[in-house]
Amino acid sequence: ISPAGWKALLDALSGSNLEELQLAKCELDEAKATAMEAPLQALNRSLKKIDFAMNPAISPAGWKALLDALSGSNLEELQLAKCELDEAKATAMEAPLQALNRSLKKIDFAMNPAISPAGWK
């Protein structure tokens with residue numbers, strides 16, 4: 001699915017009461033993540049769980065865009081397993097994750113061995 005396709009799919013869900021979004025192994029990358037930012041903002045009030053697992057091609061800028069879109073949401077669960085997260089990606093995710101920490105109850109960082117000690121700070 002192209003970036004425009006992802007935007008169209010998520011735009012179609014705008015105004016819904018969607019609580020769970022499964023995007024595992026969808027071959028997301030920076031262009032797709034950036035295209036998804038605005039539509040995700042429109043969904044962020046109802047979303048409680050989102051699964052980004054197994055999307056290793058998302059760049060630091062892509063992760064920032066996706067997580068910025070979820071700022072102010074009521075997200076309770078975030079799946080990030082096997083996303084090949086590293087220090088650069090972790091650093092880009094820091095501020096958006098801080099904005100989510102009031103609602104998050106579960107976050108899965110499993111199988112991301114490239115995160116350095118500095119990335120875990």
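- Partners of Asp29 under the salt bridge (charged side-chain N to carboxylate O under 4.0 Å, His left out) rule, at least two apart in sequence or in another chain, do not exist in this structure.
- Atoms CG and CG, on Leu43 and Asn17 in that order, are 10.0 Å from each other to the nearest 0.5 Å.
- Contact record, Gln79 with Asp108: OE1-OD2, 2.9 Å, taken as the closest heavy-atom pair.
- A side-chain donor-acceptor contact under 3.5 Å links Arg45 to the backbone of Gly72.
- Taking both residues in full, the closest heavy atoms of Ala65 and Ala33 are given as CB-O, 4.3 Å, listed atom of the first, atom of the second, then distance.
- Here the shortest heavy-atom pairing between Ala35 and Pro39 reads O-CD, 3.5 Å.
- Listed by chain and residue number, Lys64 satisfy the side-chain hydrogen bond (donor to acceptor under 3.5 Å, both in side chains) test with Asp68 (two or more places apart in sequence, or in another chain).
- The side-chain hydrogen bond (donor to acceptor under 3.5 Å, both in side chains) search around Ser46 returns none, not counting sequence neighbours.
- Side-chain atoms of Asn112 come within 3.5 Å of backbone atoms of Ala110 as a donor-acceptor pair (strictly under, hydrogens ignored).
- A search for salt bridge (charged side-chain N to carboxylate O under 4.0 Å, His left out) contacts involving Lys49 returns Glu20, Glu77, not counting sequence neighbours.
- Taking CZ of Phe52 as the start and CD1 of Ile58 as the end, the distance is 6.5 Å to the nearest 0.5 Å.
- A distance of 6.5 Å separates CG in Leu47 from CG in Leu75, rounded to the nearest 0.5 Å.
- A 6.0 Å sphere centred on NZ of Lys48 holds more than 12 heavy atoms belonging to other residues, nucleotides or ligands.
- Here the CG-OG distance, from Leu40 to Ser71, works out to 12.5 Å after rounding to the nearest 0.5 Å.
- Under the rule for a side-chain hydrogen bond (donor to acceptor under 3.5 Å, both in side chains), Glu76 has no partner lying at least two apart in sequence or in another chain.
- Once rounded to the nearest 0.5 Å, the distance linking SG of Cys26 with NZ of Lys32 reads 8.5 Å.
- For the atom pair Met36 CE and Leu21 CG, the distance stands at 6.5 Å (nearest 0.5 Å).
- Remark: Gln41 pairs with no residue by the side-chain hydrogen bond (donor to acceptor under 3.5 Å, both in side chains) rule, at least two apart or across chains.
- Leu28 and Met111 are not part of a single hydrophobic cluster, where members link through side-chain heavy atoms under 4.5 Å apart.
- When the shell of 6.0 Å around CD of Glu27 is examined, it contains 12 or fewer heavy atoms from other residues, nucleotides or ligands.
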